[in-house]
Amino acid sequence: QPQLVESGGGSVQAGGALRLSCTASEWTRSWMAWFRQAPGKEREAVAAIFTGGPSPFAMHVNAVRGRFTISEDNAKHTLSLQMNNLKPEDTAMYYCAARWGGTWGDWQDQHAWSDWGQGTEVTVSS
C-alpha cells in the first residue's frame, strides 16, 4: 500500500493561488484523486486522474472546473493540484487518494478509494 504525503497547503486571500503536491512511496495505482473536507461537512471529490490508458485523462467537479487542474508526474511519483482564483468556499483539508481500479461512474465516492494521505490544510480569506 503506497504512502501518500500531501504538501503545499496554506493561507491565501481570495483570488490567490496554491499548488498542492502529493508524493507516493510507490507509483502503482492507475487512479489518483484529490478530495477535500470543510469543517462540519462531508468529504467531497475535487478532481481525479486516470493514468491507465494511452494518455492521462482527468475530470474535475463543477465547483472547481476552470480554476483547478489536476496533473501527475510519473517520473517523480507526484500528483499535483494547481488551484487558481481561490474562493473562501475552497477552505478545507485537502486529501490525496489512490486506487487500483474503478470507473468514472464512482470516482466521486470517497468509499471507492483505498489509499489516503493525511491531508494538507487550505484556508482562503475574503
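Computed over heavy atoms, backbone and side chain alike; hydrogens, waters and symmetry mates excluded.
You'll find the ring centres of Phe35 and Trp116 inside the 6.0 Å limit.
A salt bridge does not link Asp115 to Arg99: none of the charged nitrogens lies less than 4.0 Å from a carboxylate oxygen.
Contact annotation: the side chain of Glu6 never approaches that of Leu20 to less than 4.5 Å [non-hydrogen atoms, C-beta and beyond]. Using a 4.5 Å cut-off on side-chain heavy atoms (C-beta onward), Phe57 and Thr51 make no contact. Between Met59 and Trp107, the closest side-chain pair of non-hydrogen atoms falls below 4.5 Å. Using a 4.5 Å cut-off on side-chain heavy atoms (C-beta onward), Gln82 and Phe68 make no contact. Residues Met32 and Leu4 meet the side-chain proximity criterion, which asks for heavy atoms closer than 4.5 Å. Within the 4.5 Å cutoff, the side chain of Val61 has no heavy atoms near those of the Trp34 side chain. Contact of the Phe50 side chain with the Glu72 side chain is not registered, since no non-hydrogen atoms from C-beta on lie closer than 4.5 Å.
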Verdict with reasoning, His77 to Cys22, per side chain to side chain contact (heavy atoms under 4.5 Å, CB included):
CA-CA 8 Å; His77 294 192; Cys22 171; over 6 Å; no
Assess whether side chain to side chain contact (heavy atoms under 4.5 Å, CB included) is satisfied between Arg36 and Asp90, documenting all intermediate values.
CA-CA 9 Å; Arg36 66 186 181 185; Asp90 296 318; 2.9 Å; yes
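For the pair Arg43 and Trp113, the NZ or CZ position fails the cation-pi test of under 6.0 Å to the six-membered ring centre and within 45 degrees of the ring normal.
Although no hydrogens or angles enter the test, the distance criterion places no donor-acceptor pair under 3.5 Å between the side chain of Thr120 and the main chain of Tyr94. Side-chain N or O atoms of His60 include none that pairs as donor or acceptor with a backbone N or O of Gly66 at under 3.5 Å. Checked by atom type and distance alone, the side chain of Ser30 never pairs as donor or acceptor with a backbone atom of Gly52 at under 3.5 Å. Within the 3.5 Å criterion, the main-chain N or O of Asn85 finds a donor-acceptor partner in the side chain of Arg67.
No more than 12 heavy-atom neighbours from other residues, nucleotides or ligands sit within 6.0 angstrom of CD on Gln13. The 12-atom threshold is exceeded at CD of Glu89, counting heavy atoms of other residues, nucleotides or ligands nearer than 6.0 Å.
Considering all non-hydrogen atoms of both residues, Met93 and Gly119 come closest at SD-C, 3.8 Å. Trp27 approaches Asn74 most closely through the heavy-atom pair CD1-OD1, 2.7 Å. The heavy-atom pair separating Ala112 from Asp106 by the smallest distance is CB-O, 3.7 Å. Looking at every heavy atom in both residues, Ser126 comes nearest to Ala14 through CA-CB, 4.3 Å. Heavy-atom minimum distance, Ala33 versus Ala48: CB-CB, 3.8 Å.
For the side chain to side chain donor-acceptor pair (under 3.5 Å) test, no residue two or more places apart in sequence or in another chain qualifies with Gln110.
To the nearest 0.5 Å, the span separating OG on Ser7 from CZ on Arg19 amounts to 10.5 Å. The distance from atom CE of Met83 to atom OG1 of Thr69, rounded to the nearest 0.5 Å, is 11.0 Å. Rounding to the nearest 0.5 Å gives a distance of 9.0 Å between OG of Ser25 and CD of Gln1. Note that OG of Ser80 and CD1 of Ile70 are 9.0 Å apart. Values are rounded to the nearest 0.5 Å.
By the criterion of side-chain heavy atoms lying less than 4.5 angstrom apart, applied directly or through intervening Ile, Leu, Val, Met, Phe, Trp or Tyr residues, Val5 is not grouped with Leu79; the two fall into different hydrophobic clusters. There is a path of hydrophobic side-chain contacts, each under 4.5 Å, that joins Trp104 to Val46.
Of the residues Val12, Thr91, Leu18, the one that meets the side-chain contact (heavy atoms from CB on, under 4.5 Å) test with Val122 is Leu18.
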